[in-house]
Amino acid sequence: MQYKSEEEFLRHYDSSKFEKLSMTTDIIIFSVSDSLTDNYRKLSEKHFSVLLVKRNDYPFKDKWCLPGGFVGIQETLDDAAKRILASETNLHNIYIEQLYTFGNVNRDPRMRIVSTAYMALIDKNMLNEKIPKNASWFNMKILEDEKSIHITFDNELEEFSVVIKKTLRDLTTDRYSYEVLKNDHLAFDHAIVIASGISRLKNKLEYTDIVFNMMPEYFTLGELQQVYEVILDKKLLDPAFRRIIADKVEKTDKVKTGGGHRPSALFHYKIKNKKENFK
């Protein structure tokens, strides 16, 4: 049948001949925060953390997952992420960016569901909002080599680990595909989503200023170096690190005192209005 206009085509268009799928949004919320230390002369140890939510219904009842939900028929992906972030975690006005779309056919046992994941960053030490009772921050210890990623999650009450196989997919872009080898505690494909987010964050640390979304307004260079090191999971030489951040930070007239330390100069991020977020 030949149509004379787009309006005529749409009047006769039959969408029932196509299979339906649903769309969700999942959000990885990363943070770096201080731990308590008995030695007041040392800097507090930093922990790389992710916020997880315990599911209270099937599928995957009582397992941990990322904050997420279905995208409304009249919502954009960004609007859905903003709504879910507020309703699932009580968090507002934090840095967030789209990560990747996950569409494995069997990723959800209920139906065919495709999820667009977002990565959010926050300085947990400055967090004022109270997270829901079924949510918890988990510190992550990450061991990674050319073939696998081993992530241990620990919230002081519960500890578990996942193991993910890495396969180089594209040598020119250094992109990997992932396969879960061990996972008894995370729902859906969220082990792979988290691994993808960690990889993205590590890469962006090398060529962007994204790390400052996880920092307080004022910080010492030692504290900033700790954040780089805990995310990259490697020790950085002081001179090399100073060169990396030389054009990114600015010394202030403020100093950090107390705790047995010598007074340390405080710095801040050079560029104002640094945070790109949903308000």
Side-chain angles (χ1 to χ4, degrees), residues 21-32 48-53 64-105 107-108 111-124 127 129 131 135 137-138 140 142 149 151 164 166 169-170 172-178 180 186-215 227 231-232 269 271 273-279:
L21 61 80
S22 292
M23 192 80 192
T24 61
T25 295
D26 297 305
I27 305 172
I28 316 168
I29 306 171
F30 288 136
S31 173
V32 173
F48 186 27
S49 307
V50 65
L51 186 68
L52 300 178
V53 177
W64 293 97
C65 69
L66 296 167
F70 285 88
V71 179
I73 197 68
Q74 296 296 328
E75 276 187 313
T76 66
L77 289 172
D78 287 356
D79 286 343
K82 174 183 176 181
R83 171 182 56 80
I84 291 165
L85 187 65
S87 63
E88 290 277 309
T89 68
N90 290 331
L91 297 176
H92 307 79
N93 300 334
I94 64 176
Y95 177 92
I96 187 167
E97 68 172 55
Q98 193 173 120
L99 173 64
Y100 189 71
T101 296
F102 297 84
N104 187 290
V105 174
R107 64 177 303 276
D108 194 306
M111 64 186 88
R112 181 78 167 96
I113 295 178
V114 174
S115 179
T116 296
Y118 283 75
M119 179 176 70
L121 305 178
I122 190 171
D123 170 21
K124 184 155 63 89
L127 186 62
E129 290 88 348
I131 62 174
W137 288 100
F138 280 82
M140 295 184 294
I142 304 160
I149 305 174
I151 309 173
I164 299 166
K166 295 169 50 181
R169 186 170 62 187
D170 187 341
T172 61
T173 59
D174 195 29
R175 293 195 63 180
Y176 288 84
S177 59
Y178 299 111
V180 176
L186 290 178
F188 306 106
D189 55 355
H190 289 182
I192 291 176
V193 179
I194 292 171
S196 300
I198 292 170
S199 177
R200 167 74 66 87
L201 181 57
K202 284 185 175 183
N203 289 337
K204 295 197 76 168
L205 241 61
E206 304 287 345
Y207 65 90
T208 74
D209 298 349
I210 195 172
V211 69
F212 293 99
N213 292 284
M214 309 174 83
M215 300 298 299
V227 172
I231 295 173
L232 295 173
Y269 181 47
I271 302 174
N273 302 320
K274 66 180 183 296
K275 294 190 178 182
E276 175 188 337
N277 52 40
F278 296 148
K279 296 184 178 179

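Keep in mind it's a predicted model, so treat the numbers as computed, not measured. Along the sequence shown, the residues carry numbers beginning at 1.
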*Test Y100 against V193 for side-chain contact (heavy atoms from CB on, under 4.5 Å), laying out the working first.*
CA-CA 8 Å; Y100 189 71; V193 179; over 6 Å; no
*May I have the step-by-step check of side-chain contact (heavy atoms from CB on, under 4.5 Å) for L21 and M111, ending in yes or no?*
CA-CA 7 Å; L21 61 80; M111 64 186 88; over 6 Å; no
So which atom in [X] and which in [Y] form the shortest heavy-atom distance, rounded to 0.1 Å?
X: R112; Y: G103; answer: NH1-O, 3.1 Å
X: A135; Y: L51; answer: CB-CD1, 4.3 Å
X: D26; Y: S115; answer: OD2-OG, 2.6 Å
X: A86; Y: H92; answer: CB-NE2, 3.7 Å
X: G197; Y: I28; answer: CA-CD1, 3.9 Å
X: E88; Y: P67; answer: CB-CB, 4.0 Å

_Donor-acceptor under 3.5 Å (S31 side chain, I122 main chain)_ = yes
*asked:* Donor-acceptor check, side chain of T89 to backbone of L85, threshold 3.5 angstrom: yes or no?
replied: yes
With a 4.5 Å limit on heavy-atom distance, are the side chains of [X] and [Y] in contact?
X: I194; Y: L52; result: yes
X: I198; Y: I151; result: yes
X: R107; Y: I192; result: no
X: E206; Y: L232; result: yes
X: Q98; Y: D78; result: yes

Point-to-point distance, once rounded to the nearest 0.5 Å, from [atom1] of [X] to [atom2] of [Y]:
X: I113; Y: F70; atom1: CD1; atom2: CZ; value: 3.5 Å
X: F138; Y: F48; atom1: CZ; atom2: CZ; value: 15.0 Å
X: N90; Y: I131; atom1: CG; atom2: CD1; value: 9.0 Å
X: H190; Y: W64; atom1: NE2; atom2: CH2; value: 14.0 Å
X: Y118; Y: L99; atom1: OH; atom2: CG; value: 10.5 Å
X: S199; Y: I149; atom1: OG; atom2: CD1; value: 7.0 Å

*May I have the step-by-step check of side-chain contact (heavy atoms from CB on, under 4.5 Å) for F102 and S196, ending in yes or no?*
CA-CA 10 Å; F102 297 84; S196 300; 3.8 Å; yes
*asked:* Quick one, M23 with L77, criterion side-chain contact (heavy atoms from CB on, under 4.5 Å). Give me CA distance, side-chain angles, the key distance, then yes/no.
replied: CA-CA 9 Å; M23 192 80 192; L77 289 172; 4.1 Å; yes
*Give me the one residue out of I96, I210, I27 that meets side chain to side chain contact (heavy atoms under 4.5 Å, CB included) with M119.*
I210
_Taking side chain to side chain contact (heavy atoms under 4.5 Å, CB included) as the criterion, tell me which of L91, V50, L66 meets it with I29._
L91
*Test item: side-chain donor near acceptor, T25 and T116, under 3.5 Å*: no
